[in-house]
Amino acid sequence: MQPLGLVVLVCLFGGIAVAVQASFAGLLSDRIGLIGNGLIVFGGGFIFALILFVVFQGGRIGDWRSIPWYAYLAGPLGIVIISSIGFGIPRIGVASTLTLIVVSQLVVGVILDHFGWLTVTRPVDIQRLIGVAVLFLGTWLVLR
């Protein structure tokens, strides 16, 4: 188990990366289209992952057979994510696009947690419902 402080720092760093990467994806989509954006983002990601793969001698790639089939949808879903970011940013801006993406992530996350799909079970309670309501209010304020 990792210390909570480390987990928080890694997640915050990831959030910073999402905002910066989203800005780049918006620029790419605006200039070369959604398909070009996806190609550059995933092509660059593939090259970087390949370098890490070589440096770390394959990691645990040998365990690929133990992964459920639906986990492989992560790749195509990545295309949906980067395309929606690239489509939204030139039209409504970084903050509005990321707000819509984050609110939808969190709502789906609450549903997945409630039913225990793909994760541990954490039933919806009043605090989570209030949190979702606040998210919708915040989204409405950002989009105005």
Side-chain angles (χ1 to χ4, degrees), residues 1-4 6-125 127-140 142-143:
M1 177 77 66
Q2 298 292 327
L4 182 59
L6 176 62
V7 174
V8 168
L9 284 175
V10 169
C11 291
L12 290 173
F13 182 72
I16 292 167
V18 167
V20 173
Q21 192 257 11
S23 298
F24 294 157
L27 176 66
L28 288 167
S29 290
D30 196 38
R31 301 275 172 90
I32 61 174
L34 292 175
I35 294 171
N37 171 34
L39 183 64
I40 288 175
V41 169
F42 285 96
F46 173 78
I47 291 168
F48 186 66
L50 186 60
I51 291 167
L52 293 175
F53 182 81
V54 170
V55 168
F56 292 103
Q57 301 171 343
R60 295 177 36 207
I61 196 71
D63 295 337
W64 71 270
R65 288 178 198 88
S66 66
I67 300 169
W69 68 269
Y70 50 83
Y72 291 102
L73 294 173
L77 288 172
I79 296 290
V80 172
I81 294 163
I82 197 66
S83 295
S84 64
I85 289 171
F87 182 81
I89 287 177
R91 290 162 177 81
I92 61 173
V94 176
S96 294
T97 299
L98 291 181
T99 299
L100 289 168
I101 287 171
V102 168
V103 76
S104 63
Q105 285 176 332
L106 295 174
V107 168
V108 170
V110 167
I111 294 167
L112 292 174
D113 283 352
H114 178 75
F115 292 105
W117 299 332
L118 310 176
T119 183
V120 298
T121 302
R122 185 166 176 203
V124 174
D125 57 16
Q127 288 177 307
R128 286 186 143 206
L129 289 175
I130 292 169
V132 169
V134 170
L135 286 170
F136 281 114
L137 175 63
T139 301
W140 178 74
V142 169
L143 293 173

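Just so it is clear, the structure is predicted and the values come from calculations on it, not from any experiment.
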Just jot down the ring-ring contact (aromatic ring centres under 6.0 Å, His included) partners of F115, sequence neighbours excluded, or say none. W117
How about R91: does its CZ atom have over 12 heavy atoms from other parts shown lying under 6.0 Å from it? yes
Would a 4.5 Å heavy-atom cut-off, applied to side chains only, mark V102 and V18 as touching? no
NE2 of H114 to CG of D125, rounded to nearest 0.5 Å, is 10.5 Å
For residues V7 and C11, determine if any side-chain heavy atom of one lies less than 4.5 Å from a side-chain heavy atom of the other. yes
Would you list the pairs meeting side-chain hydrogen bond (donor to acceptor under 3.5 Å, both in side chains) in which at least one residue belongs to residues 75-86, sequence neighbours left out? none
More than 12 heavy atoms of other residues, nucleotides or ligands under 6.0 Å from CZ of F24: is that the case? no
Can you give me the closest heavy-atom contact between L98 and A22, atom names plus distance? CD2-CB, 3.9 Å
Where do L106 and V110 land on the side-chain contact (heavy atoms from CB on, under 4.5 Å) test, with the steps shown first? CA-CA 6 Å; L106 295 174; V110 167; 5.6 Å; no
Using the rule side chain to side chain contact (heavy atoms under 4.5 Å, CB included), only one of V20, I89, I85 pairs with V94; which is it? I89
Stepwise side-chain contact (heavy atoms from CB on, under 4.5 Å) test for F13 and L9: CA-CA 6 Å; F13 182 72; L9 284 175; over 6 Å; no
Qualifying residues under salt bridge (Lys or Arg N to Asp or Glu O under 4.0 Å), relative to R128, sequence neighbours excluded: D113
CG (L73) with more than 12 external heavy atoms under 6.0 Å: yes
Going by side chain to side chain donor-acceptor pair (under 3.5 Å), name the residues that satisfy it together with S29, two or more places apart in sequence or in a different chain. N37
According to salt bridge (Lys or Arg N to Asp or Glu O under 4.0 Å), who are the partners of D63, at least two apart in sequence or on a separate chain? R60
CD1-CG distance between I130 and L135, expressed to the nearest 0.5 angstrom: 12.0 Å
Spacing of I79 atom CD1 and L34 atom CG [to the nearest 0.5 Å]: 10.5 Å
Salt bridge (charged side-chain N to carboxylate O under 4.0 Å, His left out): which pairs involve residues 27-45, sequence neighbours left out? none
The test is side-chain contact (heavy atoms from CB on, under 4.5 Å); show your working for F136 and V107 and say whether it passes. CA-CA 10 Å; F136 281 114; V107 168; 3.9 Å; yes
Rounded to the nearest 0.5 Å, what separation is found between the CG atom of L28 and the CD1 atom of I35? 14.0 Å
For the atom pair CD1 (I32) and CD1 (I40), what is the distance rounded to the nearest 0.5 Å? 3.5 Å
I'd like to know whether OH of Y72 has more than 12 heavy-atom contacts from other residues, nucleotides or ligands below 6.0 angstrom. yes
